[in-house]
Engineer: 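Below are the C-alpha cells for one structure; questions will follow.
Remember, it's a predicted structure, so these values are computed and weren't measured experimentally.
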Amino acid sequence: MKNYKLVPYCDSDHDGYIQSQLEAFTKYIIEFFGKCDMSVMEGHLKILKPYLFKIIAEDEIAGYVYFKEETAKITVDVFTLLPNYRNDGLGSVIMQDFIKIADRDGKPIILDTFKTNPAKKFYQKHGFEVVDENYSHYILQYTPKN
C-alpha cells in the first residue's frame, strides 16, 4: 500500500505546480488549442486554488490534485503525478480513496480528461464512464456503489 497525504496548496508551490502542469498537459493543450497560453493557465490556477492539494509521498511532492466535495457531487481536476511517481500504483491508491469517499457519501465523482490523454483508460479501469464530451475533453463520472 502506497502512503501519501494531501496537503493544501500554498503560493510557494506556484512554480512547481505550473511546471508539473506544463509537463503533463502542454502536448494536449497545443493539440486542441494551438498554443499553451500562460495567462489561461494562471487563471485556471486562481480558480482551483481553494481546493488544490499537493500529493506528498516519501516526504516529497509527488503531484497535485483538485478535490472538491460538494452537496451533490465530488469534483476531481488536475490529477497529476510527477514522472517519478507515475505507473507505480500511487495514482490507483489515491483514486480508490476518492472512490471510498464517494461510496460512503453517495456522491458521484465528476472529472474530465483531454480526449487524447491515455488517462481516460486509467479512469475507466476505476469504474468511471464517459457521460459527456466537448471539443477537447471527455467528461467522466464514477457512480457510487451504495
Engineer: So which atom in T26 and which in C36 form the shortest heavy-atom distance, rounded to 0.1 Å?
Structural biologist: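 That would be OG1-SG, 4.1 Å.
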Engineer: Walk me through it: do F128 and M95 pass the test side-chain contact (heavy atoms from CB on, under 4.5 Å)?
Structural biologist: CA-CA 11 Å; F128 285 78; M95 187 55 64; 3.6 Å; yes
Engineer: Mark yes when over 12 heavy atoms from residues, nucleotides or ligands other than D59 sit less than 6.0 Å from its CG; otherwise mark no.
Structural biologist: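 Counting other residues, nucleotides and ligands, CG of D59 stays at 12 neighbours or fewer.
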Engineer: Hey, is the main chain of K5 close enough, under 3.5 Å, to the side chain of K54 for a donor-acceptor pair?
Structural biologist: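 It does not hold such a pair.
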Engineer: Would you indicate whether the side-chain heavy atoms of Y17 and V78 approach each other to under 4.5 Å?
Structural biologist: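 Yes; the side chains approach each other to less than 4.5 Å.
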Engineer: When rounded to the nearest 0.5 angstrom, what is the spacing between NE2 in H44 and OG in S39?
Structural biologist: 13.0 Å
Engineer: Would you say E129 has more than 12 foreign heavy atoms packed within less than 6.0 Å of its CD?
Structural biologist: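 No.
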Engineer: CZ of F122 to CG of L140: how many Å apart, nearest 0.5 Å?
Structural biologist: 11.5 Å
Engineer: Is there a path of hydrophobic side-chain contacts, each under 4.5 Å between heavy atoms, that joins I18 and I30?
Structural biologist: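 No, no single cluster joins them.
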Engineer: Rounded to the nearest 0.5 Å, what separation is found between the NE2 atom of H14 and the OH atom of Y9?
Structural biologist: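 One finds 5.5 Å between NE2 of H14 and OH of Y9.
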Engineer: Work out which heavy atom in A102 is nearest to a heavy atom in P144; give both atom names and the distance.
Structural biologist: O-CB, 3.4 Å
Engineer: What are the two closest heavy atoms between G91 and L81, and how far apart are they?
Structural biologist: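 Looks like N-CD1, 3.6 Å.
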Engineer: So, for F67 and F53, is the gap between ring centers shorter than 6.0 Å?
Structural biologist: no
Engineer: Please answer: with hydrophobic residues joined when any side-chain heavy atoms are less than 4.5 Å apart, are V40 and Y64 in the same cluster?
Structural biologist: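 Different clusters.
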Engineer: Determine whether Y51 and E70 satisfy the following criterion, side-chain hydrogen bond (donor to acceptor under 3.5 Å, both in side chains), listing intermediate values before the conclusion.
Structural biologist: CA-CA 11 Å; Y51 300 95; E70 301 173 73; over 6 Å; no
Engineer: Under a plain distance cut-off of 3.5 Å, with no hydrogens placed, do D112 and Y123 share a side-chain donor-acceptor pair?
Structural biologist: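 Not at all, the side chains of Y123 and D112 share no donor-acceptor pair under 3.5 Å.
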Engineer: Does the side chain of V130 reach to within under 4.5 Å of the side chain of K120, using non-hydrogen atoms?
Structural biologist: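 Sidechains of K120 and V130: in contact.
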Engineer: Should Y85 and E58 count as side-chain neighbours, where that means a heavy-atom distance under 4.5 Å?
Structural biologist: yes
Engineer: Using side-chain heavy atoms (C-beta onward) and a distance below 4.5 Å, is Y142 in contact with L111?
Structural biologist: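 The answer is no, as the side chains (C-beta and beyond) never meet within the 4.5 Å cut-off.
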Engineer: Is a side-chain donor or acceptor of N117 paired with a backbone partner of A119 at a separation under 3.5 angstrom?
Structural biologist: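 Looks like yes, one N/O pair under 3.5 Å.
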Engineer: Closest approach of S92 and K125, non-hydrogen atoms and distance?
Structural biologist: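 Here S92 and K125 meet closest at OG-NZ, 3.7 Å.
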Engineer: Determine, using the 4.5 Å side-chain heavy-atom cutoff (strictly less than), whether I47 and I139 are members of one ILVMFWY cluster.
Structural biologist: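 I47 does not cluster with I139.
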Engineer: Can you tell me how far the CD1 atom of I110 sits from the NZ atom of K68, to the nearest 0.5 Å?
Structural biologist: 13.5 Å
Engineer: Between F32 and H137, does a side-chain contact (heavy atoms from CB on, under 4.5 Å) hold up when you go through it step by step?
Structural biologist: CA-CA 9 Å; F32 287 99; H137 287 78; over 6 Å; no
Engineer: Roughly how far apart are R86 CZ and T80 OG1, rounded to 0.5 Å?
Structural biologist: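 Spacing of CZ (R86) from OG1 (T80) equals 7.5 Å.
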Engineer: Side-chain contact test, heavy atoms from C-beta onward, threshold under 4.5 Å: evaluate it for I55 versus F79 and give yes or no.
Structural biologist: yes
Engineer: So, do N3 and V93 sit near enough that their side-chain heavy atoms are less than 4.5 Å apart?
Structural biologist: no
Engineer: For K35 and I29, work out which heavy atoms get closest and say how close.
Structural biologist: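 Closest approach of K35 to I29, heavy atoms only: O-CG2, 3.3 Å.
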Engineer: Is the F33 ring parallel, tilted or perpendicular to the F114 ring (thresholds 30°, 60°)?
Structural biologist: perpendicular
Engineer: Heavy atoms, side chains only, cut-off 4.5 Å: are T116 and K27 in contact?
Structural biologist: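 They are not in side-chain contact.
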Engineer: Are any of the side-chain nitrogens in D97 or K100 under 4.0 Å away from the carboxylate oxygens of its partner?
Structural biologist: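 Salt bridge present between D97 and K100.
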Engineer: Where is the tightest heavy-atom contact between D103 and K145, given as atom of each residue plus distance?
Structural biologist: OD1-N, 2.8 Å
Engineer: Are the side chains of F25 and M41 in contact, using a 4.5 Å heavy-atom criterion?
Structural biologist: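 No. Closest side-chain heavy atoms not under 4.5 Å.
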Engineer: Once you round to the nearest 0.5 Å, how far does CD1 of I99 lie from CD1 of I109?
Structural biologist: 5.5 Å
Engineer: Same cluster or not: I101 versus L90, using hydrophobic residues (I, L, V, M, F, W, Y) connected whenever any side-chain heavy atoms lie under 4.5 Å apart?
Structural biologist: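 Both belong to a single hydrophobic cluster.
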